[in-house]
Amino acid sequence: MSEPAAGFSIRRLVVVPAVITLAVTLLRLVGELQHWSPKFFSREGGGAFAIVGIVWLVPIFGIYFAIRLNQTGHGPASRGRAIGFALAALVVGIGLSMVIFKLSMPIVATIVSANLAMLLALWIAYRGWPALGKVELIYGLAARIPVAILMFVAMAANWGTHYEQGPPGFPQMGLVSKWFLIGLMPQLTLWIAFTVIVGSLFGGLALLFQKRQPVSELRPQGSAPKGIGAHS
């Protein structure tokens with residue numbers, strides 16, 4: 001196997017996309033607070049697919065990460081496996097969510113179950129191309145932890161943005177409980193899973209148009225252990 005490029009690190013790969021993502025998050029907040037066009041800065045619960053949102057960055061950066069990994073010799077052992085596992089994860093995630101919602105459990109139980117179920121889908125996508133899965137996981141945390149913090153502040157301040165809105169029928173409860181159920185937990189489960197699954201799918205598809213590079217293990221410069229255990 002070929003050696004990784006000198007100075008290669010996951011942190012350097014992720015830092016610029018993470019900064020861009022944070023900038024979009026802050027722009028979205030400002031747009032909602034200033035009541036700019038709802039088409040771009042919707043204040044409805046869930047974000048209502050507003051044009052300005054970090055969700056649209058996931059496939060873009062998924063492609064970017066995949067191309068960079070492939071160029072430095074860290075492409076998947078099989079492109080078909082990478083794409084297939086991502087598709088399987090997508091099917092499993094959607095399927096489990098449908099089953100959970102059809103059970104008609106109390107809304108809190110539904111939220112918890114649906115979020116935890118997405119961890120299985122995340123694991124499936126990760127297995128398809130572990131090198132990309134790890135990068136997507138770290139990027140997802142860098143993107144979503146600031147959102148989780150922002151949601152707590154928005155809920156405490158009652159700004160009236162989409163960061164505070166629960167799903168229909170969500171019961172009244174204390175600040176911390178509400179933040180945990182519709183803020184912290186979804187950001188660190190459902191949305192991380194979304195990042196890994198969608199990023200892996202688009203990244204795998206992008207490689208269909210890329211020249212295959214010799215595969216090597218992703219590790220930081222000067223590190224002896226095999227694999228991608230370090231973040232920098």
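Atom set for the values below is all heavy atoms of this structure, side chains included, hydrogens, waters and symmetry mates excluded.
With values rounded to the nearest 0.5 angstrom, Gln187 atom CD is found 9.0 Å from Tyr163 atom OH. Separation of atoms CH2 (Trp179) and CE (Met185) is listed at 11.5 Å; rounding is to 0.5 Å. Taking CD1 from Ile54 and CG from Leu26, the interatomic distance works out to 10.5 Å, rounded to the nearest 0.5 Å. The distance from atom CD1 of Ile83 to atom CZ of Arg81, rounded to the nearest 0.5 Å, is 13.0 Å. Once rounded to the nearest 0.5 Å, the distance linking CD1 of Ile51 with NZ of Lys39 reads 5.0 Å. Interatomic distance, CZ of Arg68 versus CD1 of Ile10, reported as 12.5 Å (0.5 Å rounding).
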Exercise for review: Assess whether side chain to side chain contact (heavy atoms under 4.5 Å, CB included) is satisfied between Leu27 and Trp36, documenting all intermediate values.
Suggested key: CA-CA 11 Å; Leu27 176 61; Trp36 293 345; 4.1 Å; yes
Point to revise | Steps toward side chain to side chain contact (heavy atoms under 4.5 Å, CB included) verdict (Leu175, Lys178) | key: CA-CA 5 Å; Leu175 170 62; Lys178 178 183 178 182; 5.8 Å; no
Exercise for review: Check the pair Phe170 / Leu181 against side chain to side chain contact (heavy atoms under 4.5 Å, CB included), numbers first and verdict last.
Suggested key: CA-CA 10 Å; Phe170 189 77; Leu181 285 171; 4.2 Å; yes
Point to revise | Audit row: Thr161, Leu150, side chain to side chain contact (heavy atoms under 4.5 Å, CB included) steps and yes/no | key: CA-CA 11 Å; Thr161 65; Leu150 174 58; over 6 Å; no
Exercise for review: Show your working on ring pair (Phe, Tyr, Trp, His ring centres under 6.0 Å) between Tyr126 and Trp123 and close with a plain yes or no.
Suggested key: CA-CA 5 Å; Tyr126 187 101; Trp123 178 78; 9.1 Å; no
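Looking at every heavy atom in both residues, Pro171 comes nearest to Val108 through CG-CG2, 4.3 Å. Ala117 approaches Ile100 most closely through the heavy-atom pair CB-CD1, 3.8 Å. Taking all atoms of both residues into account, the shortest heavy-atom contact from Pro76 to Ala82 is CB-CB, 4.1 Å. For the pair Leu132 and Phe65, the tightest heavy-atom approach, listed with the atom from each and the gap, is CD1-CB, 3.6 Å. Residues Pro146 and Leu22 share a closest heavy-atom pair of CB-CD1, 4.0 Å. Contact between Ile182 and Met151 at its shortest, heavy atoms only, is O-CE, 3.1 Å.
Leu57 is connected to Val196 through a chain of hydrophobic side-chain contacts under 4.5 Å among Ile, Leu, Val, Met, Phe, Trp and Tyr, so both are in one cluster. Ile63 and Val135 fall into different hydrophobic clusters, where Ile, Leu, Val, Met, Phe, Trp and Tyr are joined by side-chain heavy atoms under 4.5 Å apart, directly or via other members. Residues Ile197 and Leu116 are members of separate hydrophobic clusters, defined by side-chain heavy-atom contacts under 4.5 angstrom among Ile, Leu, Val, Met, Phe, Trp and Tyr. Connection of Ile145 to Val153 is established within a shared hydrophobic cluster, with ILVMFWY side chains joined at heavy-atom distances below 4.5 Å, either directly or through further cluster members. Linking ILVMFWY side-chain heavy atoms closer than 4.5 Å, directly or via other members, places Trp159 and Ile149 in a single hydrophobic cluster.
Counted within 6.0 Å of CE on Met173, heavy atoms from surrounding residues, nucleotides or ligands total more than 12; the atom is thus considered enclosed. Enclosure of atom CZ in Phe202 is not indicated, since only 12 or fewer non-hydrogen atoms of other residues, nucleotides or ligands lie within 6.0 angstrom.
Side-chain atoms of Glu164 come within 3.5 Å of backbone atoms of Gly160 as a donor-acceptor pair (strictly under, hydrogens ignored). Side-chain atoms of Arg28 come within 3.5 Å of backbone N or O of Ser42 as a donor-acceptor pair. A donor-acceptor pair under 3.5 Å is absent between the side-chain atoms of Arg127 and the main chain of Gly133, judged by distance alone. When atom types are taken as modelled, the side chain of Arg79 and the backbone of Leu207 share a donor-acceptor pair closer than 3.5 angstrom. Asn115 contributes a side-chain N or O that, together with a main-chain N or O of Ile111, makes up a donor-acceptor pair within less than 3.5 Å. One N or O on the side chain of Thr72 and one on the backbone of Leu69 form a donor-acceptor pair closer than 3.5 Å. Judged by distance alone, with hydrogens and angles left aside, the side-chain atoms of Trp129 form no donor-acceptor pair with the main-chain N or O of Phe85 at under 3.5 Å. Remark: side-chain polar atoms of Thr110 are paired, donor with acceptor, to backbone N or O of Met105 under 3.5 angstrom.
Taking the six-membered ring where tryptophan is involved, the planes of Phe49 and Trp56 are tilted, since the angle between them lies from 30° to 60°.
Only one option out of Leu141, Leu122, Thr195, Val14 pairs with Glu136 in a side-chain contact (heavy atoms from CB on, under 4.5 Å); it is Thr195.
No side-chain heavy atom of Trp191 sits under 4.5 Å from any side-chain heavy atom of Val147. A 4.5 Å side-chain heavy-atom check between Ser97 and Met118 finds at least one atom pair inside the cut-off.
In this structure, Arg43 forms no cation-pi arrangement with Phe41, as its terminal cationic atom is not both closer than 6.0 Å to the ring centre and no more than 45° off the ring axis.
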